[in-house]
Amino acid sequence: MNKQDFNDAFLGFLDASPTPFHAVLNMAGMLENAGFISLDEKQNFDLVVGQSYYIIRADSSIIAFNYSEGFEYILVGVHTDSPNLRIKPNAEIKKDGITQLGVEPYGGVLLNPWFDRDLSIAGRVSYKSKDEKLKSTLIDMQKAVAIIPSLAIHLDRDANASKTVNEQNHLPPIISTCKDFSLKEELKSMIEDCEQVLSYDLSLYDTQKASYVGFGDEFIASARLDNLLSCYVALITICSTQKPMMIICSDHEEVGSVSVSGAGGSFLESVIERIFPSAEEKARFARSSLLISADNAHAQHPNYADKHEPLHAPKLNGGVVIKVNSNQRYASSSQTIARFLDAAASIGEETQMFVTRSDMGCGSTIGPMTSAKIGIDTIDIGVPTFAMHSIRESAGSADAYSLYKILLEI
Ligand code: ZN
């Protein structure tokens with residue numbers, strides 16, 4: 001696949017994946033097209049060497065693997081979720097002639113960019129059907145249905161100096177001037193066999209499409225680059241290779257990963273135990289394999305250059321970033337770094353190193369947690385981006401493709 005086709009399909013994947021549920025559904029579709037076989041955790045796994053499989057848990061996490069002889073696998077760990085605004089269960093707030101929606105920030109949202117955006121709603125709805133069955137379905141309203149208006153500058157003269165956002169008071173978007181607006185009734189009208197909407201996992205998202213930016217299309221701008229970019233790269237890689245490989249795409253990284261489908265949960269361990277049932281096999285797999293934890297990295301922003309360690313300041317389109325933290329917030333070791341560098345150099349791909357400033361706190365990823373739980377040597381890497389956790393993030397248009405080539409090589 002050439003870079004242009006790779007990036008064009010990536011923009012389509014971003015637009016079609018407003019929530020982790022949609023991302024996983026789209027990934028499953030792409031895996032099916034590539035010949036992967038669906039496994040159900042509730043049924044026996046009857047595995048055949050040479051076949052490829054995928055398993056979905058809780059609609060928002062997915063593991064796929066090429067089942068191969070031997071124990072030496074390349075694992076790629078990524079996350080499917082992104083910070084956003086989730087709609088509360090009792091959603092409608094009616095005051096001053098306007099209906100608003102109560103929302104709760106999910107993860108570390110950069111809040112200011114959410115104002116004045118044409119927002120839509122997507123997620124999973126659970127309902128009782130007309131034939132009295134409990135069902136769930138995914139919805140994506142697609143059209144703009146909500147907006148969080150800013151306060152005019154005339155009413156807040158200090159807004160440009162410091163705009164603080166109160167999560168409870170300032171975030172509810174306006175959604176209607178109709179007095180008897182009901183979100184559940186709107187949802188019911190969208191679902192063909194719905195008798196009653198019982199519950200939902202819904203979030204707001206920006207209707208602006210993913211796009212190239214720059215005179216030479218040097219940049220990609222979109223919501224959810226963190227971490228659908230890495231999901232997409234991992235997915236395209238495993239669909240392009242027969243080598244022993246597994247991708248683990250987990251929900252809930254942005255809120256600590258402790259959930260039924262998160263990387264702090266049992267999903268990966270459970271799947272590994274079913275592929276390698278004996279303790280002997282499981283240990284041989286873990287100690288023979290390499291986990292590449294792929295999550296976006298902070299590129300050095302030219303307007304805020306001093307936020308970076310001068311000698312470890314990644315640049316957009318400068319290549320994949322290797323993340324190092326001696327306090328184990330990243331799981332990279334000199335040995336896993338050497339292996340990654342060697343693979344990149346063998347195909348002429350540039351890489352960059354990231355270390356956070358010594359006087360600043362360091363983020364983390366699913367890397368250290370998974371490395372510790374499974375006992376697998378790990379490297380933390382990612383594509384450099386700006387505006388992480390904004391409603392619109394940006395990345396270079398060369399780096400994701402470079403990561404894809406390295407993952408095929410390693
Ligand atoms: Zn991330």
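Whatever order the structure lists ligands and atoms in, that order sets their numbers, starting from 1. Note that this is a predicted model, so its numbers are computed, not measured.
- In this structure, a donor-acceptor pair under 3.5 Å is present between the side chains of Ser402 and Glu349.
- Between Thr378 and Ser293, the side chains place no donor N or O within less than 3.5 Å of an acceptor N or O (distance only, hydrogens not considered).
- Among the heteroatoms counted here (N, O or S) of His79, NE2 is the one nearest to the Zn ion (ligand 1).
- The cationic group of Lys3 does not satisfy the cation-pi geometry with Tyr404, failing either the under 6.0 Å distance to the six-membered ring centre or the 45° limit from the ring axis.
- Counting only N and O atoms by type, the side chains of Asp295 and His79 include a donor and acceptor under 3.5 Å apart.
- Per residue Asp295, closest N, O or S atom to the Zn ion (ligand 1): atom name OD1.
- Per residue Asp226, closest N, O or S atom to the Zn ion (ligand 1): atom name OD1.
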